[in-house]
**Q** 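Mind having a look at this structure? Questions to follow.
First the proteins, then the strands, lettered A, B, ... as listed; each starts at 1. Everything quoted here is computed from the prediction, not taken from an experiment.
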Number of protein chains: 2
Amino acid sequence: MKIGQATIKDIAIELNVSASTVSRALKNYPGISDETKRKVKEVAEKLHYRPNAIALSLRKSRSFTIGVIIPEVVHFFFSTVISGIEGVAFSRGYNVILTQTNEKLAREISSIETMLDNQIDGILVSFSKETTDFEHFSKLINQGYPIVFFDRVPEIPNAISVMVDDYKGAYTATNHLITQGFRNIVHLAGPKNLKISQERIRGYQDALIENGMKIDPDYIVECSIGTDSESQKITSKILKSLPVRPDAFFASNDMAAVGAMLACKAEGLRIPEEVGIVGFSNWQFCTMIDPSLSSVSQPGSKMGAKATDMLLDMIEKKLDPNTITGPVVLETELLIRKSSVRL
Amino acid sequence: MKIGQATIKDIAIELNVSASTVSRALKNYPGISDETKRKVKEVAEKLHYRPNAIALSLRKSRSFTIGVIIPEVVHFFFSTVISGIEGVAFSRGYNVILTQTNEKLAREISSIETMLDNQIDGILVSFSKETTDFEHFSKLINQGYPIVFFDRVPEIPNAISVMVDDYKGAYTATNHLITQGFRNIVHLAGPKNLKISQERIRGYQDALIENGMKIDPDYIVECSIGTDSESQKITSKILKSLPVRPDAFFASNDMAAVGAMLACKAEGLRIPEEVGIVGFSNWQFCTMIDPSLSSVSQPGSKMGAKATDMLLDMIEKKLDPNTITGPVVLETELLIRKSSVRL
DNA sequence: AACGAAACCGCAAACGATTGCATTGAAAAA
DNA sequence: TTTTTCAATGCAATCGTTTGCGGTTTCGTT
């Protein structure tokens, strides 16, 4: 018994037929007698034959593998996306190759290269914070290579993308704070070069305007890193520096919201009586902290699943990229908890 | 210009040499004139030649890809492990194929099969809660196939594994609670078929014994799912049912610890004055909740990195599995925060 | 008996790269 | 001039599978 897997040739030798016959018999091609098919399958079973996926990939120029490029694995939202991706990919018979860029453009580019070397059938991308030039993506798109962007989507022609309705999520959250009687609402924004950040800012601003309030640029503060400690520092500074003390924070992510909460507590401010807080993403810990954190939930798993379905449809030609006009937008949901309710 | 990548043949045709010459020139084999090498490399550059990894895999029966089988991606600890894995794999030139089992044995087995079909060079595994029979692993091990287990490791011969010192972590945590004057310490345990759970129970028990306290089986409660809501229910039941009300909880995971905390708060018990709590894993939210949660930190990223380094060493024959006797054990660290300190 | 058509099956090329074993040609040695 | 030697390159098999094309049987039909 050879080491490793049995091959078609092994079956062929055992039965004194050609490799072609074995191949066709296993695939139930016409032109092979039932008798032969039976025997081939029997021997295949006996030898635990499993087709060599690599040889298949080479022959068909298809690997049944998709690549995922993500900024950070250790990030609740992205982990739910990965989970959604993996689920759909598995059920449709595809493997998932994963790389994280750690927000580095260089790694993004080199990841794409190795993926192309490996005959990856398509790529799912959420690009890095460093990425401002999208040439490495548009080149592939123009070659007809299947790519689907999710969450962080570029504004380039013919890009297929799946995102959440950041605008509406931010709008709803801000509006909720206003309804609760908060009037000096600070927005802790994400990196302003990302479209998702811009959309959230826009939602925040529109909510203010439609409620007859003014927009003060000083009340929009960028938290570029996105950790709780960063936002904690920023918030405690703000609490002192702003002419009118803020009475609410709408943060572009939950970590920042927690930072703000900690800073407020440190200042002796009561939440939600004196300060209201709403986050974004609905991380697991939202329900675990005190007071529980209101947050805009992003359907991460659904986003991963949807993006994967679209990518695989493109790969399998069930979906013509040209028929797609705009990005697919998934709805968010404002989950109201204690941190923002005082009525 | 052809669609897709240029091949060695394209270069050969362009220069009127054979494919073998091109191959050798690119690899700087001796026996190729410097002049030819120069020209070959020049054309390769011009055509943006990149070797086809699939063809290489077929030829060499090596894919430079490793497989990762994990119970759940959406799990802070595992996500840090993945991050560690991906980092090392990337820097050593390997791809990572990821599958999650969702704690299902069937998926674990089918994942392994597709990985073998794909000529994966080795596998990193943390098995599912359903897995009690390890035949599908030991078969591979006996064939000399490189496998490294992490976190959840099986007790089978010749298994290479990396784990944290669950025993000591649990011992230290329990001991800390005792030092703080807590006397009726409940242990919220994990699934008892997992070795990590057993080790933590053992650490808990030994700490009690060495402090001259008795072990009461009623004070060891299994939280099999591991969510905060599960443990919240269990804890509030316990608070009423046990003859002596517990004054501390050592949980086998942070989610369970939070559940216990919430249940205690609901009962009006003050933490840490009346009840002390320590968790396990040091999830991100530990510092974000109030009171901040003491926890035993597991070096997830380091574990992933270590396991990957060992796996790749085995693959590259730099490491002989037979020279390894026991599992590699990484140290935990007790991070003391407010939830357990009353002195 | 002879012919044609199914029915079955094998040959060989192809996917892209590597590599042991020739082969070529020219310079060096005789 | 002839032989030897060696550097430079090509041939062809190989990895495991698929597939177009062609080749044998076998059988029914007249």
Side-chain angles (χ1 to χ4, degrees), chain A residues 2-41 43-44 47-65 113-121, chain B residues 2-41 43-44 47-65 113-121:
Chain A
K2 280 182 16 191
I3 320 166
Q5 300 285 0
T7 72
I8 272 194
K9 218 173 286 180
D10 296 326
I11 303 177
I13 291 172
E14 174 123 359
L15 288 173
N16 253 319
V17 295
S18 74
S20 355
T21 303
V22 174
S23 173
R24 285 190 265 249
L26 289 171
K27 288 263 158 55
N28 275 325
Y29 270 48
I32 302 289
S33 73
D34 290 345
E35 174 65 7
T36 308
K37 284 183 188 171
R38 196 187 51 71
K39 279 197 283 191
V40 166
K41 287 175 185 169
V43 176
L47 300 180
H48 303 111
Y49 170 76
R50 307 212 83 222
N52 182 317
I54 296 290
L56 270 171
S57 296
L58 182 59
R59 188 82 228 283
K60 308 248 174 150
S61 300
R62 295 261 284 103
S63 61
F64 284 94
T65 301
E113 281 179 348
T114 46
M115 287 188 176
L116 292 181
D117 293 350
N118 282 75
Q119 305 271 42
I120 296 294
D121 296 339
Chain B
K2 277 178 28 186
I3 319 167
Q5 301 284 1
T7 72
I8 270 194
K9 217 173 288 179
D10 296 326
I11 303 178
I13 291 172
E14 175 122 359
L15 288 173
N16 253 322
V17 293
S18 74
S20 356
T21 303
V22 175
S23 172
R24 286 189 265 249
L26 288 172
K27 288 262 156 55
N28 275 324
Y29 269 49
I32 301 290
S33 72
D34 290 346
E35 174 64 6
T36 307
K37 284 184 188 170
R38 198 188 50 69
K39 279 197 282 190
V40 166
K41 287 175 184 168
V43 176
L47 300 181
H48 302 112
Y49 170 77
R50 306 211 84 220
N52 182 317
I54 295 288
L56 271 172
S57 296
L58 183 59
R59 187 80 227 282
K60 308 246 173 153
S61 300
R62 294 260 285 105
S63 60
F64 285 93
T65 301
E113 281 179 347
T114 46
M115 288 188 175
L116 292 181
D117 293 350
N118 281 76
Q119 306 270 44
I120 296 294
D121 295 339

**Q** Check every strand shown and say whether B:S20 touches a base, only sugar-phosphate, or nothing at a heavy-atom separation below 4.0 Å.
**A** base

**Q** Run A:N52 and A:Q5 through side chain to side chain contact (heavy atoms under 4.5 Å, CB included) and show every step you take.
**A** CA-CA 8 Å; A:N52 182 317; A:Q5 300 285 0; over 6 Å; no

**Q** Which heavy atom of B:S61 sits nearest a heavy atom of B:Q119, and at what distance?
**A** CA-NE2, 4.3 Å

**Q** Look at the side-chain N and O atoms of A:Y29 and state whether any lies under 4.0 Å from the OP1 or OP2 oxygen of D:dG20.
**A** no

**Q** C:dA17 C1' sits how many Å from B:K9 NZ, rounded?
**A** 10 Å

**Q** Could you report the tightest heavy-atom contact between B:T7 and B:D10, atom names first, then the distance?
**A** N-OD2, 2.8 Å

**Q** On the nucleotide D:dG10, are OP1 or OP2 found under 4.0 Å from the side-chain N or O atoms that B:S18 carries?
**A** yes

**Q** When only distance counts, do a donor and an acceptor, one from the side chain of B:R24 and one from the base of D:dG10, lie under 3.5 Å apart?
**A** yes

**Q** With a 4.0 Å limit, can you tell me whether B:K60 has a side-chain N or O closer than that to the phosphate oxygens OP1/OP2 of C:dT18?
**A** no

**Q** Is it true that a side-chain atom of A:S57 and a backbone atom of A:A53 form a donor plus acceptor pair closer than 3.5 Å?
**A** yes

**Q** Heavy atoms only, 4.0 Å cut-off, all strands: where does A:V17 land among base, sugar-phosphate and nothing?
**A** sugar-phosphate

**Q** Is the shortest side-chain N/O distance from A:S33 to OP1 or OP2 of C:dC8 below 4.0 Å?
**A** no

**Q** Name the nucleic acid region contacted by A:P30, choosing base, sugar-phosphate or nothing; use a 4.0 angstrom heavy-atom cut-off, strictly under.
**A** nothing

**Q** What are the residues of residues 113-121 of chain A, sorted by number, that bring a heavy atom to within less than 4.0 Å of DNA chain C?
**A** none

**Q** So what does A:T36 hit on the nucleic acid, given a heavy-atom distance under 4.0 Å: a base, only sugar-phosphate, or nothing?
**A** sugar-phosphate

**Q** Between A:I32 and A:R24, what is the shortest heavy-atom contact and its length?
**A** CG1-CB, 3.9 Å

**Q** On DNA chain D, does the nearest nucleotide to A:R59 precede the nearest nucleotide to B:T21 from the 5' side, or the other way round? Give the residue.
**A** B:T21

**Q** Measuring to OP1 and OP2 of C:dT19, would you say a side-chain N or O of B:K27 lies under 4.0 angstrom away?
**A** no

